[in-house]
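Quick notes on the structure that follows.
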Amino acid sequence: ADLENGESVFLGNCAACHAGGNNSVVAEKTLRKAAIEQYLTGGYNAAAIKTQVTNGKGSMPAFGDKLGPDDIDDVAAYVLDQSTKW
Ligand code: HEM
C-alpha cells in the first residue's frame with residue numbers, strides 16, 4: 001500500500017472528522033490503536049478499517065461510491081500505520 005497516497009486521501013476525506021486521529025462526532029471513537037481495538041467492528045486490522053470506510057457506520061458516511069479500491073486500501077494502511085503515532 002502507498003502510505004503517501006493514503007495520507008492525501010485521509011486529509012481530503014477523513015480529516016474533517018478525524019483530524020489528528022481524533023473523532024469530532026463520537027469523541028471516544030478515535031483512530032488510536034486502543035480505541036480501534038475496543039470499538040471497530042472486526043477488530044484492529046486493515047480489512048476491518050476498509051469495511052467501515054466502504055460501508056460507513058452510525059454517523060460516519062460510506063466512501064464505497066466515492067473512493068476507488070486502491071485509495072481505500074491506501075487510507076486503511078495509513079490509518080493503521082498512524083494508529084500508534086497520533
Ligand atoms: C469511526 C476511519 C471519515 C465519522 C471510524 C473508525 C475508523 C474510521 C477506522 C473506527 C474508530 C473507532 O471505532 O475507534 C475513517 C476514515 C475516513 C473517515 C479512514 C475517511 C475515508 C469520517 C468522516 C466522518 C467520520 C468524514 C464524519 C462525517 C466517524 C464516526 C465514527 C467513526 C462518527 C464512529 C462510528 C460508530 O462506531 O458509531 N472512522 N473515517 N469518519 N468515524 Fe470515520
Side-chain angles (χ1 to χ4, degrees):
D2 179 342
L3 293 178
E4 261 180 49
N5 183 54
E7 179 174 27
S8 85
V9 172
F10 185 86
L11 293 174
N13 295 277
C14 320
C17 300
H18 292 299
N22 293 310
N23 190 324
S24 61
V25 182
V26 181
E28 67 275 20
K29 294 184 175 179
T30 72
L31 303 187
R32 293 181 186 82
K33 182 179 182 197
I36 294 175
E37 285 175 342
Q38 185 171 354
Y39 298 115
L40 180 62
T41 304
Y44 177 69
N45 60 77
I49 296 173
K50 288 193 321 187
T51 297
Q52 177 142 334
V53 169
T54 301
N55 301 326
K57 183 185 172 191
S59 299
M60 175 166 153
F63 289 88
D65 292 336
K66 191 175 176 198
L67 297 175
D70 289 351
D71 281 349
I72 293 177
D73 265 5
D74 291 347
V75 79
Y78 173 75
V79 166
L80 207 53
D81 184 65
Q82 276 296 310
S83 65
T84 56
K85 302 177 180 172
W86 300 113

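Nothing fancy with the numbering, it's 1 onward along the sequence. In each ligand, atom 1 is the first atom listed, and ligand 1 is the first ligand listed.
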Margin query: Using a 4.0 Å cutoff against the non-hydrogen atoms of Ala35, which atoms of ligand 1 qualify?
Written below: 14 (O)
Note to self: Taking 4.0 Å as the limit for heavy-atom contacts, which would you say applies to Tyr39 with ligand 1: side chain only, backbone only, both, or neither?
What the structure shows: both
Item checked: Close approach of Pro61 to ligand 1, heavy atoms, under 4.0 angstrom -> yes
Check: Can you count the protein N, O or S atoms that lie less than 2.8 Å from atom 43 (Fe) of ligand 1?
Finding: 2
Check: Are Ile49 and Val26 grouped together when hydrophobic residues (ILVMFWY) are joined by side-chain heavy atoms under 4.5 angstrom apart?
Finding: no
Note to self: To the nearest 0.5 Å, what is the distance between OH on Tyr78 and CD on Glu7?
What the structure shows: 4.0 Å
Checklist line | Between CG on residue Leu40 and NZ on residue Lys57, distance to nearest 0.5 Å | finding: 6.5 Å
Item checked: CG on Asn45 to CD on Glu37, rounded to 0.5 Å -> 10.5 Å
Check: Can you tell which part of Ala16 has a heavy atom less than 4.0 Å from ligand 1: side chain, backbone, both or neither?
Finding: neither
Next item on the list: Pull out every atom of ligand 1 sitting under 4.0 Å from any heavy atom of Thr30, numbered as shown with elements.
Entry: 11 (C), 12 (C), 14 (O)
Next item on the list: Nearest 0.5 Å please: distance from the CD1 atom of Ile36 over to the NZ atom of Lys29.
Entry: 12.5 Å
Item checked: Polar atom proximity, Glu28 to ligand 1 (N or O, under 3.5 Å) -> no
Check: Can you say whether the rings of Trp86 and Phe10 are parallel (under 30°), tilted (30 to 60°) or perpendicular (over 60°)?
Finding: tilted
Item checked: For Asn13, the ligand 1 atoms whose distance to one of its heavy atoms is below 4.0 Å -> 3 (C), 20 (C), 26 (C)
Checklist line | Backbone of Ala77 reached by a side-chain donor or acceptor of Asp81 within 3.5 Å | finding: no
Next item on the list: Please confirm whether the backbone N or O of Asp2 pairs with a side-chain atom of Asp74, one donor and one acceptor, at under 3.5 Å?
Entry: yes
